[in-house]
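Counting starts at 1 for both ligands and their atoms, following the listed order.
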Amino acid sequence: MTALFTPRLLGRDAREVTPGAVHVPDWLTLEQQRWISAQFHDWARGPVPLRAAAVRGHRMSVRTVCLGWHWQPYRYTRAATDVNGARVLPFPDWMIRLGRRALRATGHDTATTGSYTPDTALVNHYGAGARLGMHQDKDEKSRAPVVSLSIGDSCTFRFGNTENRTKPYTDLLLASGDLFVFGGPARLAHHGVTRVHQDTAPAECGLSGGRINITMRMTGLDG
Ligand code: MD6
Ligand code: FE
C-alpha cells in the first residue's frame, strides 16, 4: 500500500498518517455532499431520532443516529433500546458501494475491497461547541477498516496511538468532503475531535450549520 502514497501519485494533501490510517481531502464532490446531507435530514426524522448518548454518566455533546445496527455504549443492537425502542433504519446499499470505493481509493487490495460489507453507520452531528473525547472503536467483532466521511464545518481531528489516549498524536483538519480510513495497524488507534470550526462549511454542502461525520463499519455480528 505504501507505494501509492508517494507525493507524485497523490494529490497534494492525501497522506498516510500512520500505517493503515489514510486521509484523503476533498474525496466527495459538493454534489455528493449535498445528496448525503439530504439523506442525513431524512435519517434524523426517525424512526429513531438523533440522540446524545451518555457514557459513564456523562452526556455526549455529539448527537448520533445509526443505520443498520444501533450503537449504544458499548454494544450494537437492532433496536434503539436506550432511545425509543424503535428498530434503526436499514443499512443502505449505496453506502456499501461507497465504502468499497473508499477502500479502493486508499490503496486496499481487491480482496479486502470486494469483501467489505459494512453493516452499521454511526452518523454524528456536531453543533457549536461539540467535541468527541479520545476513544477507540472496538465494539465491533470485526477488525475490517472503518471508513469516515465528513460534511459541513471542518474540525480538528486528533489521531493518536493504539497504546493510550495521550501523546504521541497528530492533529489534522477534517473538512467537508474528506475521507479518512482506519485499517490494519491503525484500526484500534485512539482518536477524537478536539474542536469544530464554526462557519467553515462550504455553502454548497447542504448543511446549514455544524458538522456531520459518518463512520461505516463491519460489526461482525449476525442477524
Ligand atoms: C468524527 N470520528 O470524525 C469522529 N472513528 O467526528 C470517529 O470517531 C472515527 O473518523 C473511527 C474511524 C474514523 C473516525
Ligand atoms: Fe471513532
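Contact check for Met134 versus Arg158: side-chain heavy atoms found under the 4.5 Å cut-off.
Counting non-hydrogen atoms of neighbouring residues, nucleotides and ligands closer than 6.0 angstrom, the CD atom of Glu31 reaches no more than 12 such neighbours. Under a cut-off of 6.0 angstrom, the local environment of CZ in Arg51 is crowded, with over 12 non-hydrogen atoms contributed by other residues, nucleotides or ligands.
No other N/O/S atom of His191 lies as close to the Fe ion (ligand 2) as NE2 does. The closest approach of Asp137 to the Fe ion (ligand 2), by N/O/S atoms, is made by OD1.
Pairs passing the ring-ring contact (aromatic ring centres under 6.0 Å, His included) check and including a residue from residues 123-164, sequence neighbours excluded, read Phe40-His125, His135-His191, Phe157-Phe180, Phe157-His191, Phe159-Phe180, Phe159-Phe182. For residues 202-221, the set of pairs meeting the ring-ring contact (aromatic ring centres under 6.0 Å, His included) definition, not counting sequence neighbours, is empty.
Enumerated by chain and number, the residues approaching ligand 1 to less than 4.0 Å through a heavy atom are Tyr126, Leu132, His135, Asp137, Val146, Ser148, Phe157, Phe182, His191, Val193, Arg211, Asn213, Thr215.
Residues forming a side chain to side chain contact (heavy atoms under 4.5 Å, CB included) with Arg143 (at least two apart in sequence, or on another chain): Lys138, Glu140, Arg187, Leu188.
In the model, Thr120 has no side-chain atom that pairs as donor or acceptor with a side-chain atom of Thr219 under 3.5 Å.
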